[in-house]
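Below is one structure, written out as structure tokens; comments come after it.
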Amino acid sequence: MEKLQNDPTAAPQGLTGKASAALGRRVFLRYLGATAAAGVALSACKNEIAEPLATGSARAGDAIDLGDIGSKDVNVLNYAYALEQLEAAFYTQVLLTPYAGINGYERAILADIRDHEIAHRELFKAALGSAAIPGLTPNFSSINFSSRASVLGTARVFEAIGVSAYNGAGKYITTPDYLVLAGKIVSVEARHTAIISELVSPQTTSFSGDDIVAAASGLGEARTPEEVLTLVRPYVQEILNGKNGRRA
Amino acid sequence: MNLQNILNEIEKVDADVYERLDHVSRRHVFHNFLKKALTGVAPVAFGAILNKAYAQSSTVADVLNFALTLEYLEAEFYNKGLASGGLITGMEGWNTFQQIAKHENAHVALLKSALGGAAIAKPNFDFTAKGAYPDVFSNYKTFMTLAQAFEDTGVRAYKGQAANLISAPDVLTVALQIHSVEAMHAAKVRYLGGSRGWIMGAMGAPAAVYAGEDVRVQGGVDVVNLTGLGTDQVTGAFDEPLTKAQVLAIATPFLA
């Protein structure tokens, strides 16, 4: 497992940026509700085996429990935050160690997607504040970053998982603003799926292929949190746990 | 089974739905309905029951009919495009638009089945928009422009209705599943036209389709300031919703 370098796009913020972000976070947290945030922070601490760092990274082997994902909006946000962390780390690595034969167009596409995932990750982190789960440590040992097929094949899998995760978790969200926010993100993940598919299998139906969209109903995939976590667990060094929702 | 879920949701909106079914047990209705739905036959009798069973002002039915209107428009647009000789040439165009048409026609069938007798009839469409796009089915570029506009509008339209389905979780899931497929279509059509798959800023035609796509504040947070990323990247990272009124304003010129 190669050590991931620091994210090159996470530039230090000027005072304006910091102040603005802090203000925004306060507004966002008002929606979130202080009670819910405090509750999750406590349960997050309790569920970690190793000593948690408030805003730092988790350690490999730590158990990170996302809880009952359907029971609180904040749990859904942390679930989304975990997935966005994984995607952002993946594309960051792709751009740091580009595969053999990458062309300028592909590089531009992948850089856009990386930036989208970073934007998603940072927004969830800001929204969650002290309720956020720690930074995850990716495990990309199964991916050959020098191989175009390995990288783009993995990208398509990650994007499709992301779409199915948001589709499956939308119904757990009780706050309209969060539901719309998730909607704003999932359609961009779906756009990524289509374009990555085009890079993998040009000029075919793969962009919304029968493997990811049911041909008879025209419905995209929806997965439960437990199904999604089973799929992503191999790519994270921490042990990512969580249960499906219990919202009636 | 998604259709069954939709019915369960309608039951939540109207708890008496099954009591209004004359001479038909719940199990029996489901059985026949699903059998017909699975074999692609429109469940006419069931639709009539539904129509009686829940109020026409039902929020869920309104959302589904609104979605059906857009799906009718998209399905007919692609069906006509595919039937227009010489319009779509080359394997990539065929693969793309046949796949998209397959999904849009499936969405029409799904929504009609779910709504049954409450489903609105297909409107008549004028894809020239009263002459604004006179060569829509003879000029591939015009066809592509409208395809992109319809797909990007569809994505924004479903997104704008999500909050109206928050009390009907399984209908919401189906809507999200359609929504994500519209976004895949949109990205591919944009790609075919030489654009990025995602919407950066508020660029695009017709302008009303892209109005408000350039926001950089999400949930009260200015994401450009938060991340230091470029404005194009940040606006591309989030698709914005449209209200029903905005969508109808976009769609109305295409109604005959």
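For K122(B), the NZ atom is densely surrounded, since the number of other residues' heavy atoms within 6.0 Å is greater than 12.
A side-chain donor-acceptor contact under 3.5 Å links E226(A) to the backbone of N244(A).
Residue with the most contacts toward chain B among S208(A), A119(A), G209(A): S208(A) (heavy-atom pairs, distance under 4.5 Å). Ranking A194(A), A222(A), A190(A) against chain B, the residue ahead of the rest is A190(A), based on heavy-atom pairs under 4.5 Å.
When side chains are defined from C-beta on, I133(A) counts as touching Q85(A), because their heavy atoms get closer than 4.5 Å.
Looking at A182(A), there are no atoms closer than 4.5 Å to chain B (heavy atoms on both sides), in backbone or side chain. Only the side chain of R196(B) comes within less than 4.5 Å of a heavy atom in chain A; its backbone stays farther off. Only the backbone of E221(A) comes within less than 4.5 Å of a heavy atom of chain B; no side-chain atom from C-beta onward does. Of the two parts of A109(B), neither the backbone nor the side chain holds a non-hydrogen atom closer than 4.5 Å to a non-hydrogen atom of chain A. For I109(A), the parts lying near chain B are the backbone and the side chain together; criterion is any non-hydrogen pair under 4.5 Å. Proximity to chain B is limited to the side chain of Y105(A), based on heavy atoms less than 4.5 angstrom apart. Residue contact with chain B, scored on non-hydrogen atoms closer than 4.5 Å, involves the backbone and the side chain of A215(A) alike. Contacts of T193(A) with chain B are made by side-chain atoms alone, with heavy-atom separations under 4.5 Å and no backbone atom involved.
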For side-chain contact (heavy atoms from CB on, under 4.5 Å), just list the numbers for I196(A) and I113(A), CA-CA rounded to whole Å, side-chain angles, deciding distance to a tenth of an Å, and then say yes or no.
CA-CA 10 Å; I196(A) 294 287; I113(A) 297 178; 3.8 Å; yes
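Between Y191(B) and F207(A), the distance separating the two ring centers is not shorter than 6.0 angstrom.
Side-chain atoms of H107(B) and E182(B) include a donor-acceptor pair closer than 3.5 Å. Looking at D73(A) and T174(A), their side chains do bring a donor and an acceptor atom within 3.5 Å of each other.
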